[in-house]
Protein chains: 2
Amino acid sequence: MASLRKTNRQTEDETLVETPDLEEFIGYNLKRAYVIVQADFRRALGEDGFAPRVFSALSLVVQYPNVTQSGLARMLGIERSGLVAIVDELEGRGLLKRTNVPGDRRVQALVPTNAGAKAYADARAAVRSHEERLLSNLNDDEKATLMSLLAKIRASEV
Amino acid sequence: MASLRKTNRQTEDETLVETPDLEEFIGYNLKRAYVIVQADFRRALGEDGFAPRVFSALSLVVQYPNVTQSGLARMLGIERSGLVAIVDELEGRGLLKRTNVPGDRRVQALVPTNAGAKAYADARAAVRSHEERLLSNLNDDEKATLMSLLAKIRASEV
DNA sequence: TATAAACTGTTTACTAGATTAACAATATGG
DNA sequence: CCATATTGTTAATCTAGTAAACAGTTTATA
């Protein structure tokens with residue numbers, strides 16, 4: 001707090017301490033934060049753990065059994081074509097089944113297997129402890145505030 | 001607030017209103033919010049406007065002229081190999097120059113052109129108004145709080 | 001001073017995540 | 001019945017990013 005020279009004047013010093021414009025943009029900070037959390041997620045879940053999007057898909061299938069692929073894509077905010085590979089992976093690992101629905105032969109309802117429910121419970125615990133560990137410098141109030149502010153951003157989707 | 005049935009009990013209703021696990025994870029909400037902001041950024045800057053990462057790079061070059069590519073990559077948190085295409089694009093558009101530095105023939109200092117400084121000022125204004133418009137349901141306090149919480153996440157990088 | 005180690009910008013190959021467009025099969029609404 | 005819409009799927013494409021190698025150059029060390 002000694003110096004009052006807080007301008008963004010250009011110098012040739014190798015140590016530049018002024019806040020660059022970038023830090024003032026929410027988008028930039030959102031991305032940097034997201035990259036950090038996402039990288040730690042992968043580290044925490046390990047080599048052949050779930051990728052974030054696969055974890056998310058499994059989570060919804062476990063919580064909403066019989067969800068259709070289209071419905072799941074809508075919930076995740078991705079195209080249904082992009083979901084095929086994710087469901088293929090989960091089915092290939094024996095964590096869910098594609099089942100046909102009497103009355104509509106187009107849809108394939110997704111049903112978690114017992115192994116899928118178990119794998120999800122384990123993964124959820126791992127994700128929870130990853131976030132708790134990584135974000136240990138935020139207290140519960142701060143986390144709740146962050147969530148509500150992120151929810152506001154999500155609510156402003158065009 | 002009429003019903004107290006707030007369990008996550010499984011039903012066969014087509015309208016499921018309970019909060020799924022996913023919404024409780026900071027990583028998930030961070031990603032969803034980031035996707036929304038990033039998509040609006042691109043929409044706002046238009047067909048041949050800057051991609052977010054190109055905008056970020058130009059911002060730093062304008063604010064820190066003579067930054068090296070390695071230095072810029074470090075600031076952006078990406079590999080220097082990934083920066084080559086970004087700098088190629090900016091140089092190709094005539095917005096910066098690669099200049100050689102007397103005393104170290106390895107490095108190429110990046111210097112914004114006048115056109116680059118102008119383009120950045122315009123883009124920065126466009127980005128500011130995009131964020132102001134998109135995030136108009138957050139007041140200044142909320143935005144400041146969000147920034148400080150995101151900064152805390154950034155500070156917890158491993 | 002000789003040599004090993006490190007750093008810079010770059011290319012190439014690869015991966016992940018995602019989108020768009022088309023398609024056949026099926027369902028729904030005038 | 002017929003036009004329209006929906007579902008799951010494939011194929012082609014795009015973007016953003018990494019990792020590994022490389023030649024040229026600089027720095028550190030023995």
Side-chain angles (χ1 to χ4, degrees), chain A residues 14 27-28 30-32 34-36 38-39 41-43 45 47-57 61 66-92 96-111, chain B residues 14 27-28 30-32 34-36 38-39 41-43 45 47-57 61 66-92 96-111:
Chain A
E14 62 271 43
Y28 181 75
L30 215 40
K31 170 154 195 187
R32 295 298 297 257
Y34 157 67
V35 166
I36 289 165
Q38 194 248 29
F41 179 109
R42 290 174 193 276
R43 238 185 328 258
L45 269 77
E47 190 66 30
D48 38 54
F50 297 119
R53 65 200 200 128
V54 178
F55 172 78
S56 297
V61 170
N66 291 303
V67 68
T68 67
Q69 287 187 209
S70 290
L72 186 50
R74 270 189 296 271
M75 291 190 222
L76 290 171
I78 64 177
E79 294 299 317
R80 63 193 197 289
S81 65
L83 203 70
V84 176
I86 298 173
V87 172
D88 282 351
E89 174 179 339
L90 287 169
E91 192 173 44
L96 61 77
K97 290 178 319 216
R98 286 169 162 109
T99 69
N100 35 0
V101 170
D104 194 336
R105 278 181 296 179
R106 292 172 303 180
V107 311
Q108 305 233 230
L110 304 176
V111 182
Chain B
E14 61 272 45
Y28 181 76
L30 215 41
K31 169 154 195 187
R32 295 298 295 260
Y34 157 67
V35 166
I36 289 164
Q38 193 247 29
F41 179 109
R42 290 173 193 275
R43 239 185 328 258
L45 270 78
E47 191 66 28
D48 38 55
F50 297 119
R53 64 199 200 129
V54 179
F55 172 78
S56 297
V61 170
N66 291 304
V67 69
T68 66
Q69 288 189 207
S70 290
L72 186 50
R74 269 190 296 272
M75 290 191 222
L76 290 170
I78 64 176
E79 294 299 314
R80 62 194 200 288
S81 65
L83 203 69
V84 176
I86 299 173
V87 173
D88 283 351
E89 174 179 340
L90 287 169
E91 191 172 44
L96 62 76
K97 291 179 318 215
R98 285 170 162 108
T99 68
N100 35 1
V101 171
D104 192 336
R105 281 179 295 177
R106 291 172 303 179
V107 310
Q108 304 233 233
L110 303 175
V111 181

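Reminder, nothing fancy here: chain letters follow the sequence lines and each chain counts from 1.
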Can you find a side chain N or O atom of A:Arg105 that sits less than 4.0 Å from OP1 or OP2 on C:dA27? yes

Donor-acceptor pair, distance only, cut-off 3.5 Å: does the side chain of B:Gln38 make one with the backbone of B:Pro52? no

Starting at atom CG of B:Leu72, determine the distance to atom C1' of C:dC7, rounded to an integer number of angstrom. 17 Å

Which pair of heavy atoms, one from A:Gly82 and one from A:Arg53, lies closest together, and at what distance? O-NH1, 4.3 Å

Whole angstroms only, please: what is the CZ-C1' distance between B:Phe41 and D:dT15? 15 Å

Parallel, tilted or perpendicular, as decided by the 30° and 60° cut-offs, for the rings of B:Phe55 and B:Phe41: perpendicular

Could you list all N or O pairs between the protein and nucleotides 14-17 of chain C that sit under 3.5 Å apart?
| unit_1 | atom_1 | unit_2 | atom_2 | d |
| --- | --- | --- | --- | --- |
| C:dG17 | OP1 | A:Arg42 | NH1 | 3.4 |
| C:dG17 | OP1 | A:Arg42 | NH2 | 2.6 |
| C:dG17 | OP2 | A:Arg53 | NE | 3.4 |

Does A:Arg74 or A:Val35 map to a spot on DNA chain D nearer the 5' end, using the closest nucleotide for each? A:Arg74

Can you tell if the side chain of A:Leu72 reaches within under 4.5 Å of the side chain of A:Ile86, non-hydrogen atoms only? no

Below 4.5 Å, heavy atoms only, C-beta onward: do A:Asp88 and A:Arg98 meet side chain to side chain? yes

Rounded to whole angstroms, how far apart are CG on B:Leu83 and C1' on D:dA16? 13 Å

Between the protein and nucleotides 8-11 of chain D, list every N/O to N/O distance that falls short of 3.5 Å.
| unit_1 | atom_1 | unit_2 | atom_2 | d |
| --- | --- | --- | --- | --- |
| D:dG8 | OP1 | A:Gln69 | N | 3.2 |
| D:dG8 | OP1 | A:Gln108 | N | 3.2 |
| D:dG8 | OP2 | A:Ser70 | N | 2.6 |
| D:dG8 | OP2 | A:Ser70 | OG | 2.6 |
| D:dG8 | N7 | A:Arg80 | NE | 3.0 |
| D:dG8 | N7 | A:Arg80 | NH2 | 3.3 |
| D:dG8 | O6 | A:Arg80 | NH2 | 3.1 |
| D:dT9 | OP1 | A:Arg98 | NE | 3.4 |
| D:dT9 | OP2 | A:Gln69 | OE1 | 2.7 |
| D:dT9 | OP2 | A:Gln69 | NE2 | 3.1 |
| D:dT9 | OP2 | A:Arg98 | NE | 3.4 |
| D:dT9 | OP2 | A:Arg98 | NH2 | 3.0 |

Over how many whole Å does the gap from B:Ile36 atom CD1 to C:dA18 atom C1' extend? 16 Å

Given B:Arg105 and B:Asn100, is the side chain to side chain contact (heavy atoms under 4.5 Å, CB included) satisfied, shown in steps? CA-CA 7 Å; B:Arg105 281 179 295 177; B:Asn100 35 1; over 6 Å; no

Do A:Val61 and A:Leu90 have side-chain heavy atoms sitting under 4.5 Å apart? no

Side chain proximity check, B:Met75 to B:Val67, heavy atoms < 4.5 angstrom: yes

How sharply is the helix from C:dT1-D:dA30 to C:dG30-D:dC1 bent, taking the axes over five pairs at either end and rounding to 10 degrees? 20°

In this structure, NZ of A:Lys31 is separated from CG of B:Leu76 (nearest 0.5 Å) by 9.5 Å

Take the protein atom CD of B:Glu79 and the nucleotide atom C1' of C:dA13, then report the distance between them rounded to whole Å. 15 Å

When every non-hydrogen atom of B:Gln69 is compared with those of B:Val84, the smallest separation belongs to NE2-CG2, 4.2 Å

Reading DNA chain C from 5' onward, which residue's closest nucleotide shows up sooner: A:Ile86 or A:Asp104? A:Ile86

Could you check B:Leu96, B:Thr68, B:Thr99 and say which one makes a side-chain contact (heavy atoms from CB on, under 4.5 Å) with B:Leu110? B:Leu96

